[in-house]
**Q** 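Please see the structure below; I have some questions.
Ligands are counted one by one from 1 in listed order, and the atoms in each one are counted from 1 as well.
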Amino acid sequence: MSHAFVSNCVVTPAGTRPAALLIEGERIRAICNPSEVPADATLHDCGNLAILPGFVDTHVHINQPGRTEWEGFPTATRAAAAGGITTVVDMPLNCLPATTTVAALEAKRQSAHGQCFIDWAPWGGAVADNQRDILPLARAGVRGYKCFLIHPGCEGFTMIDRRQLEAALPHIAQSSLPLLVHAELAGPIDRATLALANADWRRYSTYLSSRPDEAELEAIRLMIGLCRRFNFRLHIVHLSTALALKDLRRARDEGLPVTVETCPHYLHFTAEEIPDGSTVHKCAPPIRNHANREALWQALAAGDIDMIVTDHSPCPPAMKSSDRGSAETPRFDEAWGGIASLSLALPIIYTECAARGYTLDHIARWMSSAPSALAGLSHRTGSLEPGREATFVLFDTEAEFTVTPGHLHFHHPISPYLGETLRGQVRATWLRGERIFHEGSFTPNPTGREIII
Ligand SMILES: [Zn+2]
């Protein structure tokens with residue numbers, strides 16, 4: 001039995017046009033002109049709703065097992081489905097155990113089993129002492145490795161220093177998998193923080209000063225040097241500073257295999273607008289100023305930044321210091337650094353793109369095909385093409401809404417986007433030929449599964 005989804009706006013790798021998406025079972029059979037729909041296909045008239053490939057978010061902290069009270073597979077994957085994200089790649093922290101051994105990966109698989117509304121895949125961790133686990137993790141199915149050049153701010157996952165990296169990198173290069181790097185170095189941050197000993201930590205400007213651009217810049221330069229020496233696939237996660245773009249462009253011009261991501265919060269908020277005490281905006285590296293935000297947008301357009309992923313990193317409300325009551329303004333040095341946005345990424349980016357003249361084709365590339373390629377999933381998902389999985393999103397570009405807790409769907413209804421007015425709304429999400437989300441409702445039975453290559 002085949003289905004035909006006809007829309008005035010089908011977003012394909014060859015451009016956006018009126019077309020019919022023909023699906024059969026779990027796969028896309030063809031994309032044809034609306035007049036060529038076979039007579040035996042069940043017709044779904046989508047009118048002006050855009051049809052986009054399901055989005056792939058390669059930076060999500062699900063936290064299960066071990067910190068399921070922060071976030072878990074059922075809630076994270078429901079939130080993703082509501083936002084049109086159909087594949088997430090899970091970070092190896094802040095779950096316990098962290099995904100740094102094959103045994104820990106198996107524990108994660110067990111906790112995910114039967115819980116997922118969308119598909120998922122794991123990243124492994126490259127930490128201080130697991131060089132011998134790198135290749136076994138690749139054989140067991142991780143899509144790459146994440147490392148921190150600075151303490152990650154939570155127990156269970158260690159940072160990696162230069163010497164330990166040099167021990168791990170031959171194994172990582174051998175795996176052909178990417179190394180995802182949290183690129184901040186402690187030196188510039190420690191120096192800046194020392195100078196702020198008497199500053200007011202309720203002010204956002206204090207927090208911003210404590211994590212200077214140089215911390216990112218120096219870390220990125222260190223990693224480019226190692227990439228040149230060891231020839232591994234280097235991926236910079238959550239780039240915040242636009243000052244590093246020149247070095248990154250030069251590295252790519254040289255032919256080094258470097259990719260770069262940034263996140264919705266760096267593309268939407270600016271430091272100038274963050275109120276004092278608003279620790280829901282705390283993340284690391286920090287949200288920087290207006291000029292920096294615009295430079296990140298230009299870098300996306302120029303291809304110097306490849307993709308936009310959420311870095312969805314929730315925590316219990318108390319850790320954002322929002323349980324202290326209104327009498328006390330939360331302090332940025334005490335609050336957890338992480339922003340939850342999984343269900344909102346698409347409307348956030350669509351809102352910003354509409355204001356700058358970027359199109360749905362840009363969004364499909366930045367949020368679906370590029371992250372899918374990073375995780376090695378392009379043969380299955382990441383674009384609307386015959387033979388790929390029938391995983392897609394019906395998106396209403398005309399809708400506008402103000403974000404309420406009811407829009408979030410993740411475990412704790414906390415987000416800096418609450419109260420923001422956004423453009424564009426996901427009407428339905430289809431996963432491998434099955435509708436899993438429709439107008440605010442989810443399929444009763446989770447049908448997502450781990451993508452095993
Ligand atoms: Zn992260």
**Q** Before accepting this row, confirm whether a basic side-chain N of the pair Arg288/Glu216 lies closer than 4.0 Å to the acidic partner's carboxylate O.
**A** yes
**Q** Which N, O or S atom name in His61 marks its closest approach to the Zn ion (ligand 1)?
**A**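 The atom in question is NE2.
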**Q** Do the side-chain N and O atoms of Glu71 and Thr75 include a donor-acceptor pair separated by under 3.5 angstrom?
**A**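 Result is yes, a qualifying pair exists.
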**Q** Do the charged groups of Glu166 and Arg163 touch, with an N to O distance under 4.0 Å?
**A**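 Not counted as a salt bridge, because no side-chain N and carboxylate O are separated by less than 4.0 Å.
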**Q** For the Zn ion (ligand 1), find the closest N/O/S atom belonging to Asp311 and write down its atom name.
**A**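 The closest N, O or S atom of Asp311 to the Zn ion (ligand 1) is OD1.
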**Q** Restricting to N/O/S atoms, is His59 within less than 2.8 Å of the Zn ion (ligand 1) or not?
**A**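 It does: His59 brings an N, O or S atom closer than 2.8 Å to the Zn ion (ligand 1).
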**Q** Please report whether the ring centroid of Tyr417 lies less than 6.0 Å from that of His268.
**A** yes
